[in-house]
Amino acid sequence: MNGSGNWDWDTKEKYVTDINELKKKFPSVRELVPSDDGEKIATTVRNEERRFTTCVNGETWEETFERIYSLKFNPAGQLISLALRDYEWSVIIDREMWEDKFDYIWNLTLSPDGKNIAVNINKDQMSAVCLNGNIWENTFFDARDVAMSPDGTRTASHVLTKRRAELDNVGFMKKNWTVAVDGNAWDNTFLNTWGAVFSHDGSHVAAVVRTDLVQYTIAIDGTPWEQTFGVVWEPIARPGSSEFVAPVQTPKGWTLAVNGKPIWGNFSQVWRQGFSNDGSKLAAVVAVSIGNWTIAVDGKPWNTVFNQIVATPVFSPDSKKIAVAVKHKNQWTIAVDGSPWSETFENAWNPVFSPGGDKVAVKAERNGKYFVVVNGKIGKKGYESLWDPAFSPDGNKLLIRCVDDGKYYRRVIPVNEI
Amino acid sequence: MAVKEKIVSRDFKEYVREVNPDVGLDESIKGLTPEKIEKTIKAVLGARTARIRAVLETCIHCGLCSKACQWYLSNDGDPSYAPVAKMRMTIWEMLKRDGKVDAEFIKQCARIVFTECNICHRCSMYCPYGLDVTFIIGLVRRVCFVLGVVPQRQMDQDHAHATTLNQVWLGQNDWLDTMQWQEEEVGAEYKDLRIPIDKEGAEVMWLPLGAEPKTGIYHIERTAKIMHAAGIDWTVPGKDVWDSSNMPMFLRDFATMQRIVRGLFDNAIRLRIKKMVLTE
Ligand code: SF4
Ligand code: SF4
């Protein structure tokens with residue numbers, strides 16, 4: 001609940017912007033992006049001259065750009081976007097552009113508090129990461145993905161250390177990929193690498209590494225685990241430690257491993273693992289057999305299985321419950337601690353717990369309209385557009401950010417009146 | 001006249017093939033040792049010997065599968081291209097010799113399974129027992145892949161998939177830039193033609209083949225026009241994986257193969273799209 005205590009929980013309805021009007025005014029209006037507190041709604045628009053600008057709460061910036069994309073509000077309500085102006089790319093924070101300009105920028109990444117901003121950059125055919133306007137000292141022949149430490153002060157990326165020659169399979173086998181942290185590449189290199197992630201204190205980085213054509217493992221700060229596997233998925237950090245947990249494929253099946261050693265039993269698949277807020281529980285999506293998906297908590301699967309999708313599990317703030325969006329027999333719903341809601345939907349987004357953990361709210365789609373659903377009960381009103389609901393700190397009210405009849409509203413609704 | 005070489009096998013005392021130099025086969029066998037070959041064969045075939053033997057021991061060498069095979073048919077019924085011959089000359093020998101085969105043998109296996117079979121599965125349809133010849137060919141491909149003995153281009157595509165998650169080595173920036181640039185190009189002719197990137201909740205997520213944004217740009221343009229004209233609510237993913245081709249499948253590079261499929265579904269789940277539309 002990032003700062004939701006400071007939000008306006010008293011005003012029942014704020015009409016913010018007429019989206020239909022905007023569509024009349026501009027030849028092209030792109031996707032809408034609301035701020036976390038719902039007070040602002042932003043979008044990119046294209047004018048008659050085929051130039052782009054940004055429009056926040058109906059007010060259009062004067063400056064125009066060749067391109068703008070990747071709009072994101074930080075928790076403080078600043079709008080961050082990536083823009084091309086006079087054929088140079090840079091990051092824009094509200095209307096201020098970073099001084100440094102690049103040939104391309106992508107993978108906009110914000111720290112949880114939104115104060116630190118990083119992107120992958122490409123300039124003069126070399127790539128790196130730029131954090132808060134400061135580009136890494138070392139650049140690389142390619143850089144893929146941005147990983148950021150939780151406090152936002154450090155960044156990492158998967159980098160190519162030697163220029164690739166066409167069809168050079170011999171050169172490939174010399175291992176040219178590694179992880180660079182704050183611009184410093186690990187000494188060890190690998191055939192390829194992905195999934196870099198920082199420890200909670202930001203002092204260690206782990207990533208998936210391929211040490212041989214058919215051998216994969218996790219490397220921490222460049223040192224691979226002793227054990228290798230058929231393949232491994234992305235690691236996560238164990239809270240309060242320098243250890244990382246990753247799904248690994250062993251001859252017996254998939255399991256979770258720490259330091260190369262299995263910590264769970266075997267499944268047909270394991271991924272999307274996550275720790276509870278207090279770090280005491282570990283949950284993951286597992287397939288107990290082919291096509292039978294569920295959540296396992298500390299290695300023990302729920303009794304209910306779903307035949308299509310189990311999305312990312314979400315822990316309640318008190319770490320006691322887990323909710324997850326699931327798709328079964330072509331219908332989406334939410335399952336809480338193994339029990340699916342009886343109502344099903346054409347689409348359901350990731351669930352949100354109330355601060356006390358007693359309520360679960362979610363955005364879901366039915367007959368082409370979007371509804372807020374709380375504890376399995378569907379809200380009365382269907383909207384044209386809707387974003388994830390948010391609970392008030394006391395858990396009694398919901399913030400609804402919606403487009404209703406072509407207009408964007410910020411609404412606050414008592415949970416029992418949805 | 002193409003140069004031809006004579007190849008000897010237990011089944012065909014002498015048969016000829018055009019010499020087709022390929023560093024992926026010729027060079028990569030140089031580093032192989034008998035120990036490495038034996039260990040690899042045993043590792044790949046080990047757990048599956050029952051299923052392999054079921055195929056090999058059920059096969060009555062009737063040759064009916066030959067009539068299914070494009071290689072056999074287009075080489076005037078040359079029996080050295082028959083599906084059953086491909087099994088006999090590769091896996092049969094590996095098992096018979098308990099994995100004790102030399103590097104040259106591995107090279108011949110790679111030639112057979114990668115360049116004289118398209119793993120099309122037709123032979124299984126023609127076999128009276130429905131024997132899964134392609135499964136066997138796939139295992140031999142796996143042995144060759146683990147040993148690094150794969151035709152150069154195929155191996156290069158696999159490396160491309162493994163590192164960039166597309167078969168043409170496109171960087172993440174190049175993919176996004178290409179989509180944006182294509183929207184500008186095509187968009188000029190239409191009022192609001194878009195190539196929406198990462199549009200959550202779209203009806204359709206389009207996943208091209210890797211070659212399209214690299215060398216088949218006009219496909220992007222046409223797809224955008226079709227989606228626009230048909231009024232489809234569509235998107236392309238802004239993150240990996242967007243290339244729906246799966247070359248690692250043909251090498252039996254199981255890890256990369258899984259990463260691709262998983263990545264496509266991860267994007268579908270992340271964006272909560274309803275349908276995936278792939279180029280084929
Ligand atoms: S799978 Fe191979 S051997 Fe069988 S018919 Fe197809 S090309 Fe011929
Ligand atoms: S048709 Fe079947 S049984 Fe006959 S040779 Fe081919 S694989 Fe063997």
Mind checking the [atom1]-[atom2] spacing from [X] to [Y]? Nearest 0.5 Å is all I need.
X	Y	atom1	atom2	answer
A/N169	B/E27	CG	CD	11.5 Å
A/W194	B/L165	CH2	CG	8.0 Å
A/E31	B/I197	CD	CD1	10.0 Å
B/R272	A/N350	CZ	CG	4.5 Å
B/D156	A/R164	CG	CZ	6.5 Å

How close do [X] and [Y] get, counting heavy atoms only, and between which atoms?
X	Y	value
A/F52	B/E183	CZ-OE2, 4.3 Å
B/A255	A/Y216	CB-CE1, 3.4 Å
A/Q269	B/Q258	NE2-OE1, 3.9 Å
B/A162	A/N192	O-ND2, 3.0 Å
B/F145	A/L213	O-CD1, 3.3 Å

Under 4.5 Å from any heavy atom of chain B - which part of [X]:
X	value
A/L191	backbone
A/D145	both
A/W89	side chain
A/W349	both
A/R50	side chain

Hey, are the side chains of [X] and [Y] touching, using non-hydrogen atoms and a 4.5 Å cut-off?
X	Y	answer
B/W181	A/R67	yes
A/V214	B/R142	yes
A/V208	B/R259	no
A/R30	B/D192	yes
B/F254	A/Q249	no
A/R272	B/D266	yes
A/N107	B/K239	yes
B/H159	A/D168	no

Next on the checklist: Does B/M179 form a side-chain contact (heavy atoms from CB on, under 4.5 Å) with A/Y69? I'd like the steps, not just the answer.
Outcome noted: CA-CA 12 Å; B/M179 290 301 112; A/Y69 84 114; over 6 Å; no

Contacting moiety of [X], where chain A heavy atoms sit under 4.5 Å:
X	result
B/D174	neither
B/L176	both
B/S28	neither

Checklist entry - Is a donor on one side and an acceptor on the other found under 3.5 Å between the side chain of B/Q152 and the backbone of A/L167? => result yes

Checklist entry - A/E234, A/K327, A/R46: which one forms the most heavy-atom pairs within less than 4.5 Å of chain B? => result A/E234

Item to check | Greatest number of heavy atom pairs closer than 4.5 Å to chain B - which of A/L160, A/V231, A/D142 | outcome: A/V231

Item to check | Lys/Arg N to Asp/Glu carboxylate O, A/K72 vs B/D198, below 4.0 Å | outcome: no

Checklist entry - Is the shortest distance from a Lys or Arg side-chain nitrogen in A/E365 or B/K274 to a carboxylate oxygen in the other one below 4.0 Å? => result yes

Checklist entry - If you count heavy-atom pairs under 4.5 Å with chain A, which of B/M155, B/Q172, B/E200, B/Q157 comes out on top? => result B/Q172

Checklist entry - So which of B/R194, B/R270, B/K199, B/E184 has the largest heavy-atom pair count under 4.5 angstrom toward chain A? => result B/R194

Do other residues, nucleotides or ligands put more than 12 heavy atoms under 6.0 Å from the [atom1] atom of [X]?
X	atom1	result
B/K275	NZ	no
B/E189	CD	yes
B/Y190	OH	yes

